[in-house]
Every structure is written in structure tokens, then in C-alpha cells.
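See below for the structure under consideration.
Basis for what follows: all heavy atoms, side chains included, without hydrogens, waters or symmetry-related copies.
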Amino acid sequence: MNKTGKKIIIFDDDEDILSICSYILEEQGWEVFTFTNCNNIVDRVSGILPDVILMDNWIPDDGGIMATQSLKMNEALKAIPVIYFSANSDIQLLANHAGAETYLAKPFDLEDLELVINTVLIKQ
């Protein structure tokens, strides 16, 4: 049962990250949707209309930057906060280039994940 009424989509091709993040967020009452690629991203996000999106930089096929930019160019989806996450050392630059609201460097601890998600929700 979705206790918070909040939905999140995680785009990452790392199954371990997807399962850990899903478990933690579902424990907190989130409804979690995961995808290992960003194909048809506008259709996927439109069908779910999440409160937050976690976007990996190295996601197949277009990559996180193009995927995030596609969402930010869509009038109906551009207000959904995107948290860009990557192990890349230039993550802040990549997140800015993509148009994401904020970023989270990998590896991250679970408190950081919760903090970043709560921060973008407060700003909405």
C-alpha cells in the first residue's frame, strides 16, 4: 500500500542500485517504478506522473542528459524534479547541463538519498 501517495521513477541500468533504492523507498511508503533504459521516456513518465525522478547519467540508450532534457522540454512534465545521479566526478556540471534540479554523487548513503528527495519535494 502506498502510504504517502508519492510516486518515484528510478532510471538506472544497475539492478543492485534499483533494488536497494526500491526497497528503502517502498519501506517509506513510496510507490517505486524502475527502468533500466530511458527509451520512450516521455511516454513512460506521462503514464506514471511521478513526484520525483532519479536519473542515472549512463543510462541506455540516449543517456541521462538527453533523457532529462526531453522531460524538461515537455510542458506537462517539466515541473517534475529530476535528481541526477552518477559516479562521474563532473556530476554537478552534468546535472546542470541536463537541466536537473539537483544531483547525488554515487556511491551515496541512504540518508543522503532521503535528504535529496525530501529537499526537492519541499521546493515544489
Side-chain angles (χ1 to χ4, degrees):
M1 179 66 200
N2 184 355
K3 296 185 290 269
T4 64
K6 297 282 186 189
K7 296 186 280 189
I8 188 165
I9 300 178
I10 307 171
F11 288 97
D12 199 316
D13 57 344
D14 183 327
E15 297 282 353
D16 291 336
I17 287 179
L18 291 177
S19 66
I20 292 166
C21 290
S22 294
Y23 176 78
I24 295 301
L25 293 167
E26 285 170 356
E27 284 290 300
Q28 295 180 354
W30 285 82
E31 188 175 356
V32 180
F33 300 84
T34 61
F35 297 103
T36 55
N37 64 59
C38 59
N39 302 338
N40 305 314
I41 189 162
V42 169
D43 291 340
R44 286 178 173 177
V45 174
S46 295
I48 296 168
L49 293 175
D51 297 279
V52 182
I53 296 169
L54 284 172
M55 179 66 69
D56 180 39
N57 184 54
W58 301 110
I59 184 105
D61 286 330
D62 291 336
I65 289 177
M66 285 183 64
T68 303
Q69 288 173 341
S70 296
L71 296 173
K72 294 302 179 184
M73 285 189 278
N74 184 293
E75 201 59 40
L77 305 176
K78 68 181 184 182
I80 300 170
V82 175
I83 300 168
Y84 209 73
F85 69 147
S86 173
N88 193 302
S89 59
D90 293 335
I91 183 161
Q92 185 172 3
L93 194 65
L94 294 170
N96 289 342
H97 185 63
E101 275 64 25
T102 190
Y103 62 91
L104 183 60
K106 289 180 187 175
F108 53 85
D109 65 42
L110 299 172
E111 280 112 30
D112 290 341
L113 175 66
E114 293 172 34
L115 183 68
V116 167
I117 290 171
N118 290 330
T119 302
V120 296
L121 287 176
I122 290 166
K123 290 181 181 175
Q124 277 190 302

Test side chain to side chain contact (heavy atoms under 4.5 Å, CB included) applied to I83 and V120, step by step: CA-CA 8 Å; I83 300 168; V120 296; 3.9 Å; yes
N88 side, atom CG; D56 side, atom CG - distance, nearest 0.5 Å: 10.0 Å
Compile the donor-acceptor pairs under 3.5 Å between side chains in residues 17-24 and protein atoms, sequence neighbours left out, one pair per line.
residue	atom	partner	partner atom	Å
S19	OG	E15	O	3.3
S19	OG	D16	O	3.1
S22	OG	L18	O	2.6

Donor-acceptor pair between N37 and D61 side chains, under 3.5 angstrom: no
Whether N74 side chain and L77 backbone form a donor-acceptor pair below 3.5 Å: yes
Gap separating the CG atom of L110 from the CD atom of E27, nearest 0.5 angstrom: 11.5 Å
Worked verdict on H97 versus D90 for side chain to side chain contact (heavy atoms under 4.5 Å, CB included): CA-CA 11 Å; H97 185 63; D90 293 335; over 6 Å; no
Steps toward side chain to side chain contact (heavy atoms under 4.5 Å, CB included) verdict (F11, R44): CA-CA 11 Å; F11 288 97; R44 286 178 173 177; 4.2 Å; yes
Qualifying ring pair (Phe, Tyr, Trp, His ring centres under 6.0 Å) pairs, either residue in residues 102-124, two or more places apart: F85-F108
hydrophobic_cluster_shared for I48 and V52, side chain cutoff 4.5 Å: no
CD1 on I65 to CG on L94, rounded to 0.5 Å: 4.5 Å
Closest heavy-atom pair and its distance - V82, K72: CG2-CE, 3.9 Å
Joint hydrophobic cluster, L113 plus I9, side-chain heavy atoms closer than 4.5 Å: no
Value rounded to 0.5 Å, distance of CG in L25 from CD in E114: 7.5 Å
Residues I41, M66; criterion side chain to side chain contact (heavy atoms under 4.5 Å, CB included); working and verdict: CA-CA 10 Å; I41 189 162; M66 285 183 64; over 6 Å; no
Non-hydrogen atoms of I91 and Y84 that approach each other most closely: CD1-O, 3.7 Å
Nearest atoms (heavy-atom pairs only) where I59 meets F35: CD1-O, 3.9 Å
CD on E111 to CG on N118, rounded to 0.5 Å: 12.0 Å
Atom of D13, atom of T36 and distance for their closest heavy-atom approach: CB-O, 3.6 Å
Heavy-atom closest pair, residues V32 and T34: CG1-CG2, 3.9 Å
Contact summary for C38 and D62, nearest pair of heavy atoms: SG-N, 3.8 Å
Joint cluster assignment, I117 & F33, ILVMFWY side-chain distance < 4.5 Å: no
Gap between atom CG of L121 and atom NZ of K6 - 0.5 Å precision: 5.0 Å
L49 reachable from I53 in the ILVMFWY side-chain graph, under 4.5 Å edges: yes
